[in-house]
Amino acid sequence: MRDVAVIGVGMTKWGELWEKSLRTIFVETALLAVEDAGIDKIDSMYVGCMSSGLFAGQEHIGSLFADYLGRKPVPATRVESACCSGGLALRQGFIEVASGMSDVVLVGGIEKMTDVGGNEATYALGTAADQEYEGFHGLTFPALYAMMAVDHMHRHGTTREQLAMVAVKNHENGSRNPLAQFPFKVTVDMVLKSVLVADPLRILDCSPITDGAAAVILCPADMARKLKKPVVRIAGSGQATDTIALSSRKDLSWMESTHLAAKAALAQAKRKIGDMDLFEVHDCFTIAEIMIIEALGLVKKGQGGKAVEDGLTAAGGKFPVNASGGLKAKGHPVGATGVAQAVEVVEQLRGHAGERQVKGAKRGLTQNMGGTGGSAVVHVFEAE
Amino acid sequence: MQSPARSWREIPQRYRLEAAKCARCGFICFPPRLICPECGAREFGPHKLAESGKVLTYTVIRVAPQPFCDQSPYAVGIAELDDGVRLTAQIVDCDPAALKVGMRVRIEFRKVSEEGEAGVIYYGYKLVPE
Ligand SMILES: [Zn+2]
């Protein structure tokens with residue numbers, strides 16, 4: 001396997017982008033990554049997208065985007081694994097460059113979610129759950145995570161306030177991210193008084209509906225060094241699956257797929273979790289971040305809520321989690337999220353993260369997952 | 001809208017609670033599978049789910065997808081039945097404020113949802129406090 005580097009990153013402002021189409025959002029974002037890389041060559045493309053079919057009535061987007069990016073006839077492949085689509089597209093690009101099959105690969109992630117109404121968006125997202133045994137009974141994603149929260153609170157003593165503190169922390173971080181959908185602060189009181197979605201989760205516990213994209217350019221690390229670019233390597237990549245039906249899990253609030261993906265990625269990078277300087281993780285709901293920091297091994301099982309309360313994961317804490325604002329404040333265009341996490345970590349490792357820069361960051365980890373954890377992917381990045 | 005074939009296929013599980021018991025290790029699969037997730041065996045005997053159990057976790061859905069909008073708010077939960085099988089279903093005939101982890105429930109056959117004025121009506125199991 002060859003060493004793989006990220007030589008270009010691009011992200012545009014996220015939000016309700018009513019004036020922009022699916023293809024326009026993609027091309028604008030991909031162009032930023034191409035310009036950042038500074039080389040006019042793409043051998044192959046991957047696009048992470050959960051459901052352009054249900055959200056925009058458009059499938060076959062690999063070819064559509066290759067064409068509109070002016071890169072026809074390069075190979076272009078769409079990757080789908082619910083909210084994990086972007087992270088898995090990154091992994092496919094990584095594998096293609098590492099294998100020697102291609103030199104320069106563009107990896108994009110995208111979701112255009114506001115062309116449909118709220119009920120339709122809820123339905124589209126719900127297809128990532130078990131349709132015959134969860135969706136049939138009227139389950140939604142907030143409901144599934146709410147049930148994980150009830151289990152975590154019941155067995156580990158996690159409090160309602162601790163959940164709120166995840167949102168407060170991520171909005172605090174997001175207030176320093178100009179590309180975030182909601183770059184403003186919230187208080188615990190605001191979270192606790194926001195409208196209930198699925199008890200005990202309230203609207204400010206939930207990541208929003210977002211239009212947006214992110215893109216990176218990968219190439220062999222040797223090529224990146226010759227180009228005299230700041231070299232950020234992908235040192236490790238790990239992926240795992242779990243049951244998509246929550247009821248089939250032995251432990252209802254433990255993220256086993258994340259645990260295994262992290263173990264694999266860290267082993268490949270020959271690193272320990274404590275070697276990482278920052279973490280971008282999949283906080284689709286406040287309870288998710290608590291379960292993820294446990295699964296990554298930042299804290300012991302059941303201690304995630306207390307860790308947030310103690311400031312362990314705050315911007316100035318021992319393990320800064322979601323310096324970008326996370327899905328909560330930055331937004332969650334599902335297929336784009338996994339790629340945007342990589343964009344943030346690369347910016348941080350280059351020292352280009354502006355006001356939200358984690359000082360001296362040299363190594364970072366991204367964790368992206370689909371559904372209630374039926375899929376998960378973790379990447380380890382290192383600056384040279 | 002689901003095709004009639006899709007709902008018809010699920011009748012053994014939704015109406016009759018038919019599961020499959022692994023002939024080698026005894027693990028009960030609900031829904032039935034072709035391969036036992038515990039031991040990999042491919043031979044199963046019939047098993048009808050236990051009709052009582054306890055709530056492991058629950059929530060009250062206040063923002064519902066179609067075709068459940070008219071029902072909201074409604075409670076759902078994951079129950080562990082007395083034969084060890086876990087399933088997800090609505091919890092009905094119960095004040096949402098009275099929901100508790102560990103509460104006893106039994107399975108009843110109910111209407112789950114319907115598709116508009118002249119659409120298909122879907123039936124299945126729901127959980128009711130004992
Ligand atoms: Zn078996």
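The shown structure was predicted, so the numbers you read here are calculated from the model rather than taken from an experiment. The chains referred to below are lettered A, B, ... by the order of the sequence lines, with proteins before strands, and numbering in each begins at 1.
A:Asn119 and B:Ala64 make their closest contact through OD1-O, 3.5 Å (heavy atoms, listed as atom of the first residue, atom of the second, distance). Residues A:Ala146 and B:Thr59 come closest through the heavy atom pair CB-OG1, 3.3 Å.
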Tell me, with the steps shown, if B:Glu10 and A:Tyr133 meet side-chain contact (heavy atoms from CB on, under 4.5 Å).
-> CA-CA 10 Å; B:Glu10 303 298 325; A:Tyr133 290 89; 3.0 Å; yes
Could you give me the CA-CA distance, side-chain angles and deciding distance for B:Val76 and A:Met147, then say whether side-chain contact (heavy atoms from CB on, under 4.5 Å) is met?
-> CA-CA 9 Å; B:Val76 297; A:Met147 293 199 298; 4.3 Å; yes
Worked verdict on A:Glu132 versus B:Arg14 for side-chain contact (heavy atoms from CB on, under 4.5 Å) | CA-CA 10 Å; A:Glu132 308 291 10; B:Arg14 289 181 187 151; 3.0 Å; yes
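Within a 6.0 Å sphere centred on CD of B:Glu43, heavy atoms belonging to other residues, nucleotides or ligands number 12 at most. Heavy-atom neighbours of B:Phe27 CZ from other residues, nucleotides or ligands within 6.0 Å: above the threshold of 12. The environment of B:Lys126 atom NZ is dense: over 12 non-hydrogen atoms of other residues, nucleotides or ligands sit within 6.0 angstrom. Heavy atoms of other residues, nucleotides or ligands lying less than 6.0 angstrom from CZ of B:Arg16 number more than 12. Heavy atoms of other residues, nucleotides or ligands lying less than 6.0 angstrom from CD1 of B:Ile121 number more than 12. Heavy atoms of other residues, nucleotides or ligands lying less than 6.0 angstrom from NZ of A:Lys301 number more than 12. Within a 6.0 Å radius of NZ in B:Lys48, other residues, nucleotides and ligands contribute more than 12 heavy atoms.
Within the 4.5 angstrom heavy-atom criterion, atoms from both the backbone and the side chain of B:Ile61 approach chain A. Proximity to chain A is limited to the side chain of B:Phe30, based on heavy atoms less than 4.5 angstrom apart.
A donor-acceptor pair under 3.5 Å links the side-chain atoms of B:Arg86 to the main chain of A:Arg249, judged by distance alone. No donor-acceptor pair closer than 3.5 Å links the side chain of A:Thr122 to the backbone N or O of B:Pro65. B:Tyr58 places no side-chain N or O within 3.5 Å of a backbone atom of A:Asp199 that could act as its donor or acceptor partner.
Ring pair A:His137/B:Tyr125 is tilted by interplanar angle, where 30° to 60° counts as tilted.
With salt bridges taken as basic N to acidic carboxylate O contacts below 4.0 Å, one links A:Lys250 and B:Glu38.
The choice from A:Val197, A:Leu201, A:Val195 that makes the most heavy-atom pairs within less than 4.5 Å of chain B is A:Val197.
Looking only at side-chain heavy atoms (C-beta outward), B:Arg62 and A:Arg202 stay at 4.5 Å or farther from each other.
Put simply, the residue from B:Thr57, B:Leu56, B:Ile78 that forms a side-chain contact (heavy atoms from CB on, under 4.5 Å) with A:Val150 is B:Thr57.
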